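Everything numeric here is computed off the predicted structure, so don't read it as measured data.
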Amino acid sequence: MQAGSMTFDRSTTDIERLIDEVVEKVRPQIEQKRQQFNVETPAKLPKLHVDKGKFVAAAGESAGQRVEVHAARRDITLHIEVSTHRIEFAVADSGFGIAASELPLVFDRFFRSNDDRVQSESGSGLGLTFTHEVARLHGGDLTVERVESGTTFRLQLPLESTGAGHD
């Protein structure tokens, strides 16, 4: 990633299929922890011109992070919002949230929270760095915010640069 050697194989992709793949990717973790994973989408979704494999891996990483670090019976929601110029994938959880002091660090390579609840889970600290880079290379952005009861990651892509459009 750092050397700029990540390549993309973009194709026009159906968002609903992408979502199904992301949910299937994290389903074993969800079932193991007996969590609720909700998907909220508008009635009509555009197609995206993305690298499907990298996009599924990146979105799965964001969703998987939320599943991984929270105890059983926590809600996680994937909410998709489409406007004229952008699409946003927001993954929100109802967990303990990321410490405000750590928010600026979550996309740094090898960053792992000092929170004992996170330290007890395995991980390299590269997943969110990868997700951030995939968003950037698609012309978008990945942000994180602490909310009243949990954390929300927002992956935003401009529709123009993805070659997307409404059907």
Q. What residue among Ile80, Leu18, Asp14 forms side-chain contact (heavy atoms from CB on, under 4.5 Å) with Leu45?
A. Ile80

Q: Answer yes or no: is there an ion pair linking Arg10 with Asp51, defined by an N-O contact shorter than 4.0 Å?
A: no

Q) Tell me, do Phe107 and Thr131 make a side-chain contact under 4.5 Å, heavy atoms counted? A) no

(Q) Within the structure provided, determine whether Thr152 and Asp93 are in side-chain contact (heavy-atom separation under 4.5 Å). (A) no

Q) Does atom CD of Glu40 have more than 12 heavy-atom neighbours from other groups under 6.0 Å away? A) yes

Q. Hey, what do you get for CD (Glu88) to CG (Asp141), rounding to the nearest 0.5 Å?
A. 10.5 Å

Q.
Within this structure, what is the CG-NZ distance for the pair Asp9 and Lys52, rounded to the nearest 0.5 Å?
A. 11.5 Å

**Q.** pair Gln35-Gln29: side-chain heavy atoms closer than 4.5 Å
**A.** no

(Q) How long is the straight-line distance from CD of Glu81 back to CZ of Phe89, given to the nearest 0.5 Å? (A) 11.5 Å

Q. Distance from Leu103 atom CG to Thr143 atom OG1, nearest 0.5 Å?
A. 10.5 Å

Q. Do Phe55 and Leu157 come within less than 4.5 Å of each other through their side chains, counting heavy atoms only?
A. yes

Q: Report yes if some heavy atom in the side chain of Leu48 is under 4.5 Å from a heavy atom in the side chain of Thr12; otherwise report no.
A: no

Q) Quick one: are Asp108 and Val106 in side-chain contact, heavy atoms under 4.5 Å? A) no

**Q.** Smallest separation among heavy atoms of Val82 and Pro42, with atom names
**A.** CG2-CG, 4.1 Å

Q: Calculate, to the nearest 0.5 Å, the distance between atoms NE2 and CG belonging to His138 and Leu155 respectively.
A: 9.0 Å

Q: Rounded to the nearest 0.5 Å, what's the gap from CD on Glu102 to CZ on Arg146? Could you check?
A: 10.0 Å

Q.
Give me the atom names and distance for the closest heavy-atom approach of Ala58 to Phe130.
A. N-CE2, 3.8 Å

Q. How close do Pro46 and Leu159 get, heavy atom to heavy atom, and via which atoms?
A. CG-CD2, 4.1 Å

Q. Mind checking whether Val23 and Val39 have side chains closer than 4.5 Å, heavy atoms only?
A. yes

Q.
Main chain of Asn38, side chain of Thr77: is a donor-acceptor contact present, judged purely on distance under 3.5 Å?
A. no

Q | Side-chain donor/acceptor of Ser101 to backbone N/O of Ala99, under 3.5 Å | A | no

Q: Indicate yes or no for a side-chain donor-acceptor contact from His132 to the backbone of Leu128 under 3.5 Å, with no hydrogens or angles considered.
A: no

